[in-house]
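Below is one structure, written out as structure tokens; the observations come after it.
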Amino acid sequence: MHLIFSQNKALHFQFFNTNFHYIMEYNFSDIEKKWQLYWKENNTYKSEIDKLRPKYYVLDMFPYPSGAGLHVGHPLGYIASDIFSRYKRLQGFNVLHPMGYDAYGLPAEQYAIQTGQHPAVTTKINIARYREQLEKIGFCYDWDREIRTCEPDYYHWTQWAFIQMFNHYFDTKLQKAQPISSLVKAFETSGTEGIRANCTEEICFSAADWKAKSEKGQQEILLNYRIAYLADLKVNWCSALGTVLANDEVSEGVSVRGGHPVEQRVMRQWSLRVSAYAQRLLDGLNTIDWTESLKETQKNWIGRSEGAELKFNVKGQDFNFEVFTTRADTIYGVTFMVLAPESELVKQLTTTEQKANVENYITATKKRTERERIADRRVTGVFSGSYALNPVSGTTIPIWISDYVLAGYGTGAIMAVPAHDSRDYAFAKHFNLPIIPLIEGCDVSEESFDAKDGIMENSGFLNGLSVNEAIAKAKEYIAEKGLGRVKVNFRLRDAIFSRQRYWGEPFPVYYKEGMPYMLDESKLPLELPEVDKFLPTEKGEPPLGRAIGWEVDGFPLELNTMPGFAGSSAYYLRYMDQKNDKALVSPEANQYWRNVDLYIGGTEHATGHLIYSRFWNKFLFDLGLICEEEPFKKLINQGMIQGRSNFVYRIKDTNTFVSLNLKDQYETTQLHVDVNIVSNDILDTVKFRNWIPEYKTAEFILEDGKYHCGWAVEKMSKSMYNVVNPDDIVEKYGADTLRLYEMFLGPLEQSKPWDTNGIDGVHRFLKKLWSLFYKDDNLLVTNELPSTDELKTLHKTIKKITFDIENFSYNTSVSAFMICVNELFTLKCNKKAILEPLSILLAPFAPHIAEELYHILGNEETVCDAQFPVCNEAYLLESSVKYPISFNGKVRFMLELPATMSKEDVEKTAMANEQTLKYLEGKVPKKIIVVPGKIVNIVI
RNA sequence: GCCCGGAUGGUGGAAUGGUAGACACGAAGGACUUAAAAUCCUUUGGCUUCACGGCUGUGCGGGUUCAAGUCCCGCUUCGGGUACCA
């Protein structure tokens with residue numbers, strides 16, 4: 001019986017006052033607009049604390065709103081997280097799924113410098129565009145919680161956190177942040193005696209010393225301990241851009257942007273004592289569910305190395321210095337020492353005779369950036385004139401200066417063991433210094449032996465030990481004899497937190513006698529002032545130097561602004577309680593939402609944002625302000641969507657273009673062509689002529705009447721003309737198709753090229769699904785009881801989809817949906833009992849069509865609040881199994897047998913089969929393997 | 001250099017050690033149509049055979065196993081990250 005549902009149109013479309021009639025064909029455009037409006041008007045995606053339901057927090061890495069808008073690669077991760085959010089909600093979780101904008105950044109400011117357009121204006125426009133694009137895709141974001149890092153009510157809390165960092169130090173024994181006031185108390189009673197505080201520089205003083213110091217002197221000392229501190233640091237300074245640049249913004253001594261010269265300069269900069277948290281950042285990795293490769297990247301970045309700090313006396317002077325080594329076992333092989341050119345020791349150890357040489361060398365190296373030094377591996381160096389004494393063997397060894405040693409790591413000085421370190425080896429060969437092999441049988445005539453295995457020789461008391469034994473014994477010896485101490489070093493550096501830029505958070509800092517003081521918290525937010533130009537002042541101060549009245553109570557305010565990562569370090573907490581003007585997040589909201597259950601974003605943030613936000617979060621945790629030590633419990637990196645470029649071939653010196661397979665007959669130039677005027681690699685020649693004026697008169701040499709383009713996978717970028725805009729896809733196919741296709745492209749975590757051509761497949765799938773509901777203008781849906789085949793198809797799909805969502809294998813879910821619909825189509829199934837669970841199942845992936853179908857089936861509530869179907873295994877039971885019968889592993893034929901048949905009977909039946917006899921060729925099988933329900937293998 | 005990923009048809013990709021190529025795209029052929037679009041049906045890894053079928057096949061070379069795309073060893077190659085970190 002076919003039954004046409006008589007639905008309550010008035011109720012169904014109560015939010016439309018027009019005569020909206022049923023859509024009989026799959027009109028995605030109307031359907032999507034309709035439901036997007038419905039969701040908005042019904043606050044479907046509003047999330048609130050609900051202690052009766054378990055929470056689930058799904059977060060996307062929020063975007064920087066660039067002027068170019070979103071391309072088709074950007075939403076990939078957003079779609080994935082959206083699917084998971086919707087899935088969790090269907091399972092009864094209270095889902096928090098917010099979105100916002102990382103709104104401060106260089107591009108808007110560069111644009112401002114060029115055009116005079118205020119970055120706030122540009123940013124606002126860009127955000128509006130992003131929002132419009134995102135809304136078209138049908139995400140379930142709770143837009144009421146939107147944040148923008150450039151808004152005062154947001155950066156209020158960035159500034160606030162900075163003040164807390166200024167007011168705390170890191171206790172190395174407790175391994176947590178403590179109020180700076182307790183450090184002051186300790187100084188007052190016993191000076192630095194017994195304090196365990198992470199610091200920039202080891203200093204010692206008594207309580208009396210402390211008390212004798214002026215206010216300014218005390219403040220200067222406290223900067224040595226504060227978690228947010230001001231210190232003189234070596235930076236890449238670009239005077240033309242008027243700012244410090246990060247290492248990756250500099251190449252070959254010039255700025256990447258603009259090609260302006262960059263010099264090394266020591267500047268007083270704000271920094272965050274991230275390195276104090278190194279051990280905890282490392283340990284925390286064991287508690288979170290991130291990919292191994294990402295954890296590995298962070299481990300390497302943190303770079304923990306255990307070793308020893310060894311004291312070396314200088315020959316003929318009452319002076320010693322320390323080096324850090326992880327290879328204390330190689331102490332007998334030290335044939336020279338090397339100091340970093342920037343090391344304080346250089347001055348001390350350069351002899352009068354060598355002074356001129358050393359100064360020349362230092363001037364030469366100063367000109368080069370760290371990056372250049374790395375790129376250019378020529379061995380350079382100069383002898384200091386001094387000698388050190390080996391603390392173990394007592395031998396005299398020359399002290400050199402070379403830029404292959406970094407001032408910022410360890411002590412800025414090393415003991416060189418050329419036989420067992422390739423860098424020391426290169427240096428020794430170049431300057432003809434001795435090389436002493438320390439491991440039996442190793443050959444150091446051509447290269448060093450860096451491996452940590454073998455038996456020690458030429459090493460006094462370490463002889464005969466293995467390398468690992470020798471390392472342990474040497475460390476023991478060093479500690480015992482007081483020659484040094486066992487030490488752990490980290491590669492992780494403190495984060496430079498100042499930018500000489502306009503478009504960033506102002507520091508809540510003013511200066512008195514050159515010393516920084518924090519604004520009172522009641523004065524926050526300190527709003528970004530207006531300036532006449534977004535350029536440095538005549539005096540070379542940052543742009544804020546132009547702001548009129550940039551001071552408090554007559555004291556000047558800080559002129560630097562905060563860097564990009566400031567606003568993104570705690571944003572996940574703010575989403576929990578976005579409108580709170582009393583705190584970053586209320587304890588109540590934080591206790592409920594706790595931390596991010598699922599975070600999806602790109603790998604490019606592995607060592608930046610993901611380290612800084614973990615640090616920032618741990619700091620707030622230490623203060624007892626939040627309840628979770630790690631911000632992101634599970635993290636998934638979506639792969640990059642690459643572009644798929646198309647090419648045309650122009651015959652040299654003509655305006656004639658030759659098709660791909662004929663191009664070798666001519667001398668041609670390969671040119672990129674806009675992928676949007678190419679379909680299945682066939683060029684639309686009319687559109688091509690209208691594309692660029694130069695091609696107006698283009699001629700074509702075709703093959704079978706078509707112009708075939710070449711193609712290649714490249715980065716998606718404007719200059720390659722391979723950018724695809726999601727708006728165009730939504731316009732042509734709808735958001736549901738876009739969502740499904742992005743997922744269908746391949747595994748979420750893998751990089752893959754975007755090729756719009758495949759999209760017809762998923763669009764056809766949706767139309768086919770629709771056709772299960774409607775034929776022409778008739779609703780086909782019936783209330784008949786489903787058959788076992790139909791139930792099997794449905795439950796098989798439920799099982800697969802559930803498994804795939806849990807495993808983020810969305811590409812195979814889309815396939816599973818296709819298989820399901822194909823089967824239902826073949827079965828001519830129009831039964832509500834099947835179609836309703838299917839529409840719920842599909843809702844996370846294609847929410848608009850699912851919502852429409854769900855309502856067509858007579859439901860009046862949103863599909864978002866339905867219950868996710870559960871697989872009933874009973875429907876999946878098969879009565880028979882098709883056994884592949886194989887001989888020596890090669891499958892020869894199939895044999896259908898009852899599922900309940902015993903292993904022995906399967907074997908008997910298979911052996912008795914006449915085809916088996918044929919393949920046995922009269923031989924007796926050596927072995928017969930029967931895997932029940934799977935396969936039979938006969939070995940002959 | 002080091003670390004992490006990949007490598008499967010013309011293309012994107014699928015496959016708890018158990019029928020390699022699911023699902024799609026493209027292509028070819030057909031149906032419907034005045035035509036086009038849309039839709040539907042068939043074929044589609046390679047070689048071979050009139051056909052049944054056979055051989056071969058997951059970057060390369062070995063190995064483990066009754067059975068390997070999958071596990072182990074040694075390479076090639078392409079991406080990504082990172083780098084004088086002592």
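Fair warning: this is a prediction, and the values are worked out from it, not measured in the lab. Protein chains get the first letters and strands the later ones, always in sequence-line order, with residue 1 at the start of each.
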Check: Expressed in whole Å, how much space separates the P atoms belonging to B:rG80 and B:rU16?
Finding: 29 Å

Check: What pairs with A:Ala413 under side chain to side chain contact (heavy atoms under 4.5 Å, CB included), at least two apart in sequence or on another chain?
Finding: A:Phe321, A:Val323, A:Leu339, A:Leu345, A:Thr411

Check: If you measure from the C1' atom in B:rA7 to the same atom in B:rG13, how many Å do you get, rounded?
Finding: 13 Å

Next item on the list: Please state the P separation for the pair B:rG9 and B:rG17 - nearest whole angstrom.
Entry: 22 Å

Check: What residues, two or more places apart in sequence or in another chain, satisfy side chain to side chain contact (heavy atoms under 4.5 Å, CB included) together with A:Asp804?
Finding: A:Lys800, A:Ser809, A:Thr812, A:Ser813

Note to self: According to side chain to side chain donor-acceptor pair (under 3.5 Å), who are the partners of A:Ser305, at least two apart in sequence or on a separate chain?
What the structure shows: A:Tyr409

Check: Between A:Arg644 and A:Trp754, is NZ or CZ placed under 6.0 angstrom from the six-membered ring centre and within 45° of the ring axis?
Finding: no

Margin query: Is the shortest side-chain heavy-atom distance between A:Ile435 and A:Thr335 below 4.5 Å?
Written below: no

Next item on the list: Before giving the answer on salt bridge (charged side-chain N to carboxylate O under 4.0 Å, His left out), spell out for A:Lys796 and A:Glu823 the whole-Å C-alpha distance, their side-chain angles and the decisive distance to 0.1 Å.
Entry: CA-CA 11 Å; A:Lys796 188 176 72 181; A:Glu823 286 179 5; 2.9 Å; yes

Notebook entry, point to check: Taking CZ from A:Phe427 and C1' from B:rC84, how many angstroms apart are they, rounded to a whole number?
Noted result: 12 Å

Margin query: Without decimals, in angstroms, what is the distance between A:Phe312 CZ and B:rA86 C1'?
Written below: 12 Å

Checklist line | Selection: residues 289-299 of chain A, any non-hydrogen atom under 4.0 Å of RNA chain B | finding: A:Ser293, A:Glu296, A:Thr297

Note to self: As a quick check of understanding, evaluate salt bridge (charged side-chain N to carboxylate O under 4.0 Å, His left out) for A:Glu322 and A:Lys311, giving each step before the final call.
What the structure shows: CA-CA 4 Å; A:Glu322 290 177 320; A:Lys311 240 180 263 170; 5.2 Å; no

Check: Of the nucleotides B:rC85, B:rG13, B:rC66, which has the atom closest to the A:Arg491 side chain?
Finding: B:rC85

Checklist line | Rounded P spacing from B:rU43 to B:rU11 in Å | finding: 22 Å

Next item on the list: Rounded to whole angstrom, note down the P distance from B:rG74 over to B:rU19.
Entry: 29 Å

Next item on the list: Scan A:Ser305 against the nucleic acid and name what it touches under 4.0 Å (heavy atoms): base, sugar-phosphate only, or nothing.
Entry: sugar-phosphate

Margin query: Counting runs of three or more consecutive pairs, Watson-Crick or G-U wobble, with each distance below 3.5 Å, where are the stems of RNA chain B?
Written below: B:1-7 with B:76-82, B:10-12 with B:23-25, B:26-31 with B:39-44, B:45-48 with B:53-56, B:59-63 with B:71-75

Notebook entry, point to check: For A:Asp681, which contact category applies under a 4.0 Å heavy-atom criterion: base, sugar-phosphate, or nothing?
Noted result: nothing

Checklist line | Nearest-nucleotide pick for A:Thr812, side chain only, options being B:rA86, B:rA15, B:rU82 | finding: B:rA15

Item checked: Residue whose nearest RNA chain B nucleotide is more 5′ - A:Gly746 or A:Phe825 -> A:Gly746

Notebook entry, point to check: Which glycosidic conformation, syn or anti, is assigned to B:rG9 if syn requires a torsion within 90° of zero?
Noted result: syn

Notebook entry, point to check: What is the distance from CG of A:Leu339 to P of B:rC84, rounded to the nearest Å?
Noted result: 19 Å

Item checked: Verdict with supporting geometry, A:Phe28 and A:Asp736, side chain to side chain contact (heavy atoms under 4.5 Å, CB included) -> CA-CA 8 Å; A:Phe28 55 84; A:Asp736 286 336; over 6 Å; no

Checklist line | Distance under 6.0 Å and angle within 45° of ring axis: A:Lys767 vs A:Tyr26 | finding: no

Note to self: Without decimals, in angstroms, what is the distance between A:Phe765 CZ and B:rG12 P?
What the structure shows: 23 Å

Notebook entry, point to check: Among all residues two or more places apart in sequence or in another chain, which pass the side chain to side chain donor-acceptor pair (under 3.5 Å) test with A:Glu904?
Noted result: none

Item checked: Atom-to-atom span, CG of A:Leu660 to P of B:rU11 - whole angstrom -> 14 Å

Margin query: Base, sugar-phosphate or nothing for A:Ile414? Non-hydrogen atoms, less than 4.0 Å.
Written below: base

Shorter than 3.5 Å, N or O on both sides, protein versus nucleotides 51-55 of chain B: list them out with atom names.
residue : atom : partner  : partner atom : Å
B:rG54  : OP1  : A:Arg892 : NH1          : 3.4
B:rG54  : OP1  : A:Tyr919 : OH           : 3.1
B:rC55  : OP2  : A:Arg892 : NH1          : 3.0

Notebook entry, point to check: A:Phe449 has an atom CZ; how far is it from atom P of B:rA86, in whole Å?
Noted result: 18 Å

Checklist line | Exceeds 12 heavy-atom contacts within 6.0 angstrom, atom CD of A:Glu896 | finding: yes

Check: So with a 6.0 Å cut-off around CD of A:Glu604, is the heavy-atom count from everything else above 12?
Finding: yes

Next item on the list: Establish, with yes or no, whether the OP1 or OP2 oxygen of B:rC66 is under 4.0 angstrom from a side-chain nitrogen or oxygen of A:Asn888.
Entry: no

Check: If you measure from the C1' atom in B:rU8 to the same atom in B:rG59, how many Å do you get, rounded?
Finding: 10 Å

Notebook entry, point to check: Tell me: NE2 of A:His430 to C1' of B:rC84, nearest whole Å?
Noted result: 15 Å

Notebook entry, point to check: Is the distance from OP1 or OP2 of B:rC66 to the nearest side-chain N or O of A:Lys927 less than 4.0 Å?
Noted result: yes

Notebook entry, point to check: Stepwise, does the side chain to side chain contact (heavy atoms under 4.5 Å, CB included) test hold for A:Leu740 with A:Phe744?
Noted result: CA-CA 6 Å; A:Leu740 286 173; A:Phe744 188 62; 5.8 Å; no

Next item on the list: Consider the side chain of A:Asp403, meaning its heavy atoms from C-beta on, and name the nucleotide among B:rU82, B:rC84, B:rG13 that approaches it most closely.
Entry: B:rC84

Notebook entry, point to check: Along nucleotides 24-31 of chain B, 5' to 3', which nucleotides get a B, which get an S, and which get a -, given that the test is a protein heavy-atom distance under 4.0 Å?
Noted result: SSS-----

Item checked: Value in whole Å for how far the P atom of B:rU39 lies from OH of A:Tyr26 -> 13 Å

Item checked: side chain to side chain donor-acceptor pair (under 3.5 Å) evaluation trace for A:Asn722 with A:Asn646 -> CA-CA 7 Å; A:Asn722 58 11; A:Asn646 275 117; over 6 Å; no

Item checked: Separation between the C1' atoms of B:rA15 and B:rG69, rounded to whole Å -> 9 Å

Note to self: Is it the case that over 12 heavy atoms from other parts of the model lie below 6.0 angstrom from the CD atom of A:Glu703?
What the structure shows: yes

What protein N or O atoms touch nucleotides 16-19 of chain B N or O atoms at under 3.5 angstrom, if any, and at what distances?
residue : atom : partner  : partner atom : Å
B:rU16  : O4   : A:Lys934 : NZ           : 2.2

Next item on the list: Can you sort out the partners of A:Ser886 under side chain to side chain donor-acceptor pair (under 3.5 Å), two or more places apart, ordered by chain and number?
Entry: A:Asn937

Next item on the list: Mind checking side chain to side chain contact (heavy atoms under 4.5 Å, CB included) for A:Phe565 and listing every partner two or more places apart, or none if nothing turns up?
Entry: A:Leu272, A:Ala495, A:Phe497, A:Pro563, A:Ser568, A:Ser569, A:Tyr612

Margin query: What I want to check is whether an N or O donor and acceptor connect the side chain of A:Arg304 with the base of B:rC85 at under 3.5 Å.
Written below: no

Item checked: By side chain to side chain donor-acceptor pair (under 3.5 Å) - contacts of A:Lys295 (at least two apart) -> none

